[in-house]
Protein chains: 2
Amino acid sequence: MNELLIYFQRELPGINAFLDSEADKLNGLVKAVAKHIIGSGGKRIRPMLTLLMARAMGYDKDDYHAIACSLELLHSATLLHDDYLDDAEIRRGKAASHLVFGRTETILAGDVLLALANEMGARYGNARLSWLLAKGIMETAVGEIEEIEFSKNPSLDRDTYMEIIIGKTARLIECACRCGVTLAGGTQEQEDAAGEYGLNLGIAFQLVDDALDYASPTSETGKPEGGDLKEGKVTLPLILLMEDGDEAGSEAFLEALKDCSLTGDQCEAILGQVREGRYSEKTRDEAAAYVEKAKSCLAGFAPSEELTILGQAADFVLTRTK
Amino acid sequence: MNELLIYFQRELPGINAFLDSEADKLNGLVKAVAKHIIGSGGKRIRPMLTLLMARAMGYDKDDYHAIACSLELLHSATLLHDDYLDDAEIRRGKAASHLVFGRTETILAGDVLLALANEMGARYGNARLSWLLAKGIMETAVGEIEEIEFSKNPSLDRDTYMEIIIGKTARLIECACRCGVTLAGGTQEQEDAAGEYGLNLGIAFQLVDDALDYASPTSETGKPEGGDLKEGKVTLPLILLMEDGDEAGSEAFLEALKDCSLTGDQCEAILGQVREGRYSEKTRDEAAAYVEKAKSCLAGFAPSEELTILGQAADFVLTRTK
């Protein structure tokens, strides 16, 4: 994992500086919101993947920042709107933007970051890049809608859950990987392999995120333990528990889940059952299978420092604890 | 004007059918919102201008719908977010979407229409087209922000007002015209001339809109008379009144305007002064100058049915009463 950490440490300052300089150019009403969401951390996975894929294809120019960072800004835009619509209070351990800056500023900042992301991708005059980005933006918007439409449904099944996490997370990570190959002038076959890697990695990433929600204390993730459950959001650990036909499936529980009216005791009981049945760990096991699939997609790529790191990045998704 | 009306009557059904078919493909949660805003009328000026410009350049293919309609969808997206943020109750004579469908559905419908607009423009695999659209989207998002930031400022001056209406209206109309020329493979010089036409037409269009707000009874425009004033929004008729140093400029009035706390009597008094000073008509006179500028931009174009109509469209902006 050493190479991965060194690479990130070397490249992240440039990516953060670019994001910051783009936010600085925004209008006063939304600049502070953009800087708040961009400055609140985040793992910069999407820009790093674009860079790694481009370099793995032998791309040696330094003009990758706009396309790489566009995906981070798009991600930030969805977080702003999502947190507002969810009435979320916390994002990455800090107060959510709409609570700090107000709804108008937050909605408009989301709009302008989406527009800026798109404009940054169009700067290259590369029609394929613009198409990939446009498709990624569309899929992410649809994924956001599906999540809100379906995920608070206590009878959510595994297939719909998978569709939701692909739409809301994995497609954009796929897009980041495809953009890297396209920037480097790779073939369609290479782009597809990179896309498959990203899609599987993205699924694994979201599965681990959903597992962590049940497993990790607030101090590590910046989110309250069992936050999804308390919000009435159904994710894989809970689906696995319900599949095992535990008492979690009782009518009263389902109703309370749907209404977000679970009592503290009900929540604790469910969290206890998830711990006992090791459903968070089982969710990680499913993620591990996707990580293996992701790594197998890299088989046809020529060896390089970046290829090694892409493999390590896939493994890292499984080991992270926040 | 006969050619203009016949042309619109011939082409509008195709444009409306395309918009409808795109909305039909959207997810259930937002489809109804999209169909509500698309189906609530609107003049389809942006798609018509893209079509007219492409045809005026000699473009004879029938694949113009996606790019032409993308600008209408983008416009619809901004209306959805604007109406929500403004707490508007009425749009085009119908209840505003957020009141009919709820805030989540409305915000997400705006997001997905913006994404869809962008995706439709990218379908052509034409990097210049994607760039124009990306720039148009960005300028519109910034214009929206500037309007909210500055327009409720009672000491708004003419320069800032012009900047606002260019950003919120004219840039997208410029973009529609540029896209038509680019689709047809026109030169940069032709694209610039078309863009200038659109920019001036867009300014004139918004000036007339702002004039109508002071002049037109609800039944014709679908908006209440003096609605901008009641919302505390400063537009040219009011700026002209204040420039003439009337009592409108008194401290108490400015404060009430800022707080949106004008009494019915204060409003009536201002509306009366605007009528008496013919400030709505004077706003139209300013619009007329921009219409002349717009028409002069067409001087270098070869004669065609569409060129005639582009000239008539500019004149029509001045004569419309709703």
>> Which atoms of A:Leu114 are under 4.5 Å from chain B, going by heavy atoms: the side chain, the backbone, both sets, or neither?
In response: side chain
> If only atom types and distance count, is the side chain of A:Thr169 paired as donor or acceptor with the main-chain N or O of A:Ile166 below 3.5 Å?
Replying inline: no
>> For residues 164-195 of chain B, which residue pairs pass the ring pair (Phe, Tyr, Trp, His ring centres under 6.0 Å) check, not counting sequence neighbours?
In response: none
>> So which atom in B:Glu149 and which in A:Leu29 form the shortest heavy-atom distance, rounded to 0.1 Å?
In response: OE2-N, 3.7 Å
> Taking A:Ile145, A:Val112, A:Thr104 one by one, which has the highest count of heavy-atom pairs under 4.5 Å against chain B?
Replying inline: A:Ile145
> chain A contacts: which residues in residues 122-130 of chain B have a non-hydrogen atom closer than 4.5 Å to it?
Replying inline: B:Ala122, B:Arg123, B:Gly125, B:Asn126, B:Ala127, B:Ser130
>> Do A:Phe18 and A:Met120 make a side-chain contact, defined as non-hydrogen atoms from C-beta onward lying under 4.5 Å apart?
In response: yes
>> Keeping A:Thr160 on the side-chain end and A:Leu156 on the backbone end, is there a donor-acceptor pair under 3.5 Å?
In response: no
>> Less than 4.5 Å apart, side chain to side chain, heavy atoms only: is that true for A:Met53 and A:Tyr59?
In response: no
>> Determine whether A:Asp24 and A:Ser21 satisfy the following criterion, side-chain hydrogen bond (donor to acceptor under 3.5 Å, both in side chains), listing intermediate values before the conclusion.
In response: CA-CA 5 Å; A:Asp24 273 329; A:Ser21 75; over 6 Å; no
>> Between B:Asp111 and A:Ala141 (side chain of the first, backbone of the second, donor and acceptor by atom type, cut-off under 3.5 Å), is there such a pair?
In response: no
> Applying a criterion of heavy atom separation less than 4.5 Å, what residues of residues 65-85 of chain A form contacts with chain B?
Replying inline: A:His81, A:Tyr84, A:Leu85
> Just wondering, more than 12 heavy atoms not from B:Lys25 lying within 6.0 Å of its NZ?
Replying inline: yes
>> Quick one, A:Ile165 and A:Glu147 - any side-chain contact, counting heavy atoms below 4.5 Å?
In response: no
>> Shorter than 4.5 Å, heavy atoms on both sides: which option in B:Leu133, B:Asp87, B:Leu26 has the most such pairs with chain A?
In response: B:Asp87
> Taking all non-hydrogen atoms of both residues, which atom of B:Ser40 and which atom of B:Ile37 are closest, and how far apart?
Replying inline: OG-O, 2.9 Å
> Within a strict 4.5 Å, meaning less than it, do heavy atoms of the A:Val30 and A:Phe101 side chains meet?
Replying inline: no
>> What residues of residues 170-191 of chain B make heavy-atom contacts with chain A at a cutoff under 4.5 angstrom?
In response: none
> How far apart are the closest heavy atoms of A:Asn27 and B:Glu146, and which atoms are they?
Replying inline: ND2-CG, 3.5 Å
> Got a donor-acceptor contact below 3.5 angstrom from the A:Asp213 side chain to the A:Gly227 backbone?
Replying inline: yes
> Where does A:Ile137 contact chain B at under 4.5 Å (heavy atoms): side chain, backbone, both or neither?
Replying inline: both
> Is there a donor-acceptor pair under 3.5 Å between the side chain of B:Thr106 and the backbone N or O of B:Gly102?
Replying inline: yes
